> 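A single structure is presented below for examination.
Here the structure is a predicted model, which is why all the values come from computation and not from measurement. Here is how names work: the chains are called A, B, and so on, in the same order as the sequence lines, proteins then strands, and each is numbered from 1.
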Amino acid sequence: MINIAQQLPVIPIILPLVTAPLTLLIKPGRAPWAWVTFISWVIFGACLAILAEVATNGVISYHLGNWAPPIGIEYRIDLANALVLVLVSGIAATVFPFSYESIRAEIDELQSPYFYCMMLICLTGLLGVTITGDAFNVFVFLEISSISSYALVAMGARRDRRALTAAFNYLVMGTIGATFFVIGLGLLYQATGTLNMADLHLKLAGVNSRVVEAGFAFIMVGIGLKLAMFPMHLWLPNAYTYAPSAVSAFIAATATKVAVYVLVRFFFSIFGVNFAFMTAAFTFVLLPLGVAGMFIASIVAVFQDDVKRMLAYSSVGQIGYMLLGISLGTKDGLQAALVHLLNHGLMKGALFMAVACVVLRIGDHCNTAFQGLSRRMPFTTWAFIISGLSLVGVPLTVGFVSKWYLLKAAFLAGHTVTAFLVVFSSLIAVVYVGRIIELMVLREPPKDGPLSAPVKEAPWSMIICMWVLVFANIYFGVRTDLTAGLAGRAAEALMMTAGGQ
Amino acid sequence: MIDFTFIAERYNYWIFIVLMMVGLYTVIARGNLIKKMIGLNLFQTSVFIYYISMGKIAGGTAPILIGGEAHGGGHEEEAAHGAEAVTSATSTPHAESLHAAPAPEGVNDLSAAVADAAPSAMEGHEALHAAPTANPALTAPAEAPPIHTTPSFDVAPSADAHAAAAGHAGATLHQAAEVIYTNPLPHVLILTAIVVGVATTAVGLALAVRIREAYGTIEEDELEAADDISEFGHALNGETRA
């Protein structure tokens, strides 16, 4: 008899991986959706159990097939990846039930089993990247999630054919990124002869050869492409804009966050802050690119006439905040980056869900569709406003918590100028979020044209899921001890392995 | 002064770098989506070559335990096995004798014989092991075996890396010194990467097919012009026509 509790760490991977192909056998319609929703809730429960276990009893090390770590593959869960696991599975557990009405309108019903199968595979990949303690495993899971998301983005082609070119560009960029990552891993393997992350860290301690430095650079560029680090973000806006609405909500809230987590894991758990290139990478790459992303992407967001594209550019800007937090190289900076990683997932998920409701009822995601929305779809409007304010960083929302920790970390690290830049760039967020809020609340609905037809509020299944995330935005904005406290402990543990203070 | 033998010695890495850059250039410079996809594939394939050549050790055999026992197996024993294999192979010209030999030995002895038959390679390799600081290129090229790739970079724990590479299959360091195995792990890793590469190419080509159905073209500039026309009513770039 297998003890389920002992096998807990592998459940979030095995379950979606095995059930995804089974989804293909289900009759198109409501059944695949119900099945996938059920699975996502089970996974969310498992991830919560893992987080509780890690928070009380410390790091879990699960040996796949009972092969001991340096040779066998290890799933190693500390607080940092337990938190990301809960974020990813939590977003899945709200987006999957949310997606039914939205997807029914945007995708051919015959394709629904394929669609939900792909969502589960994407979820497997994202959870796998997060949970694994083996560097090559990260690549495999990264590609599992990426390849399925290329297909998911392309499924938006029924509404707009530009989804196809967006998916193609995403594929090209994503594959280049993944291949750079593999080259980096190869160089590390050549220098150390191991792929286990903990083992790599031990073997790389004090090694400063050109092979390792080249490997470091390849890995940073590779992950940078995946997480849409500022000049390498060009795939992201189109992919998020033309993907089916539910897919945008899912991928925007999880995929780039997981890539940021991988960056943190490689920087702090494998190379460590004492690695010779690390300071240079922090000061000359992450800090300037993070700040540039914060400003340039946010300014570009202001001038978009499409809400989805605006949110996509804002995502690039928000990733800048996370990179900034990482680049400080302190425990506080890392904590701020982790907190913002979680919080940004919550707010972008809610925002893209609100857009999905508008697309379902009004039929478009351009700015005009949002005119006078407060009179047409009040629940959706208020969900958008609250999570939009959270994006800006208004007190009582999660956005405020992340900005607070980021500012605190910047001041403590002596980066006073950077701290002011964070505040200034938040003001740009006020502009682009404020524009949409003004359209929704103060303008009249369009009088004529295709967008003027009378509409109902979005269906209750969508409203409920969306408001769950909106309440999470407020709840974690007030109960900061949950996210910030755990992220603080996670950052402390990461810094301990990284060898810094 | 540039050490040309040092560079020539590592020709496998040059193949990798050239292939990689050709692939990357094709992805960036070509406007045709199929050509882009093939370039991307080439780019990925170059990494396969890098991984495979990294694991290959000159004169190394397949990572199969040689001799009946997993542990022990001194050098004399191995040499004897090798000699046996050579004699049995030469004295009895029937191929059956090889097949009919007891399974654990008969299968492996042939490779052991091959390894022993190329002592120069062994020596060259031993030199590599013994002196990570010495330039291996000086001894090698003259009697280099057909597939001679040195998995050596100038890294500090070079000896460690070699040992790990040679002995990763679970053999101890001691054994690794006796029988040289090719490191199987990079090959296995790259099997996974090949699957990923095939899947990516398949998805990319499928997308190209769908793009052709939706737009009637797979040239990037024409696609851009088509999007501009549907959005603004005219192509923004004057030179291209949809």
Side-chain angles (χ1 to χ4, degrees), chain A residues 70-71 135-137 139-144 146-151 153-155 157-158 160-176 178-187 189-195 199 203-204 206-212 214-215 218 238, chain B residues 16 20 23-24 27-28 33 36-37 39-41 43-44 46-48 50-51 54-55 151-158 160-165 167-168 170 183 185-186 189-190 192-193 195-197 199-204 206-208 210-211 213-215 218 220 223-224 226-227 230-231:
Chain A
I71 291 176
F136 200 82
N137 228 231
F139 161 71
V140 176
F141 279 122
L142 207 56
E143 280 310 85
I144 289 178
S146 296
I147 293 176
S148 51
S149 45
Y150 308 147
V153 169
M155 276 183 162
R158 191 153 169 264
D160 193 328
R161 63 180 181 176
R162 277 174 287 184
L164 294 170
T165 42
F168 191 87
N169 286 336
Y170 183 13
L171 181 139
V172 170
M173 299 283 210
T175 308
I176 293 177
T179 311
F180 268 62
F181 182 64
V182 177
I183 296 173
L185 284 185
L187 292 166
Y189 178 69
Q190 203 161 26
T192 60
T194 182
L195 286 169
D199 206 27
K203 294 239 167 85
L204 283 175
V207 176
N208 280 321
S209 69
R210 255 190 282 173
V211 184
V212 181
F218 270 113
N238 274 347
Chain B
F16 152 62
M20 174 179 133
L24 198 56
V27 176
I28 295 168
L33 299 190
K36 263 186 194 293
M37 247 1 269
L40 198 63
N41 202 314
F43 178 51
Q44 288 181 295
S46 70
V47 182
F48 305 162
Y50 164 56
Y51 265 76
M54 170 170 86
S152 125
F153 265 0
D154 289 330
V155 284
S158 164
D160 264 6
H162 273 281
H168 215 88
N183 185 356
L185 188 63
L189 294 178
I190 236 50
T192 320
V195 175
V196 169
T200 316
T201 313
V203 173
L207 278 174
R210 291 281 282 112
I211 288 174
E213 282 173 6
Y215 286 83
I218 49 166
E220 206 170 41
L223 291 172
E224 218 166 289
D227 278 344
S230 56
E231 195 168 348

> Taking B/Y51 for its side chain and A/V182 for its backbone only, find out whether a donor-acceptor pair lies under 3.5 Å.
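Checking the backbone N and O of A/V182 against the side chain of B/Y51, a donor-acceptor pair under 3.5 Å is found.
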
> Checking heavy atoms, do the side chain of A/L195, its backbone, both or neither come under 4.5 Å from chain B?
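Answer is side chain: those atoms of A/L195 sit under 4.5 Å from chain B.
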
> Counting only heavy atoms closer than 4.5 Å, note whether B/L33 contacts chain A via side chain, backbone, both or neither.
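Backbone plus side chain of B/L33, per the 4.5 Å heavy-atom cut-off to chain A.
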
> With a 4.5 Å cut-off on heavy-atom pairs, point out which of B/P186, B/G23, B/A208 contacts chain A the most.
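Of the candidates given, the most pairs with chain A belong to B/P186.
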
> Is chain A contacted by the side chain of B/V27, its backbone, both, or neither, given a heavy-atom distance below 4.5 Å?
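The side chain, not the backbone.
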
> Would you mind checking which part of B/T192 comes under 4.5 Å of any heavy atom in chain A, side chain (CB onward), backbone (N, CA, C, O), both or neither?
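When you check distances to chain A, only side chain atoms of B/T192 fall under 4.5 Å.
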
> Contact part of B/A206 toward chain A, heavy-atom cut-off under 4.5 Å: side chain, backbone, both or neither?
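Contact with chain A involves no heavy atom of B/A206 at all.
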
> How far apart are the closest heavy atoms of A/F168 and B/G204, and which atoms are they?
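Shortest heavy-atom contact: CE1-O, 3.6 Å.
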
> Side chain to side chain contact (heavy atoms under 4.5 Å, CB included) between B/Q44 and A/T175: does it pass, once the steps are laid out?
CA-CA 8 Å; B/Q44 288 181 295; A/T175 308; 3.3 Å; yes

> Below 4.5 Å from any heavy atom of chain A, which atoms of B/L40 appear? Answer side chain, backbone, both or neither.
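Only the side chain of B/L40 comes within 4.5 Å of chain A.
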
> Could you check which of A/F136, A/F139, A/Y150 has the highest count of heavy-atom pairs closer than 4.5 Å to chain B?
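Looking at each of A/F136, A/F139, A/Y150 in turn, A/F136 comes out on top.
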
> Measuring heavy-atom distances to chain A, does B/E231 have an atom under 4.5 Å in its side chain, in its backbone, in both, or in neither?
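Contact with chain A: side chain only.
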
> Where does A/A163 contact chain B at under 4.5 Å (heavy atoms): side chain, backbone, both or neither?
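Contact with chain B is absent: no heavy atom of A/A163 under 4.5 Å.
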
> Applying ring pair (Phe, Tyr, Trp, His ring centres under 6.0 Å), can you list everything that pairs with B/F16, at least two apart in sequence or on another chain?
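Ring pair (Phe, Tyr, Trp, His ring centres under 6.0 Å) list for B/F16, sorted by chain: B/Y50.
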
> Is it the side chain or the backbone of B/V47 that comes within 4.5 Å of chain A heavy atoms, both, or neither?
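Looking at B/V47, just its side chain touches chain A.
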
> Under 4.5 Å from any heavy atom of chain B, what part of A/V172 do you find: side chain, backbone, both or neither?
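Backbone plus side chain of A/V172, per the 4.5 Å heavy-atom cut-off to chain B.
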
> Compare all side-chain heavy atoms of B/M20 with those of A/I183 and state whether any distance is below 4.5 angstrom.
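With C-beta onward as the side chain, the pair touches.
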
> For B/L223, which atoms come within 4.5 Å of any heavy atom of chain A: side chain, backbone, both, or neither?
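Just its side chain gets close to chain A.
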
> Relative to chain A, which of B/T200, B/D227, B/L189, B/V196 shows the most heavy atom pairs under 4.5 Å?
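Top option by heavy-atom pairs under 4.5 Å: B/L189.
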
> Would you please name every residue forming a ring pair (Phe, Tyr, Trp, His ring centres under 6.0 Å) with A/F218, sequence neighbours left out?
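Testing A/F218 for ring pair (Phe, Tyr, Trp, His ring centres under 6.0 Å), a comparison that skips the adjacent residues, returns A/F180.
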
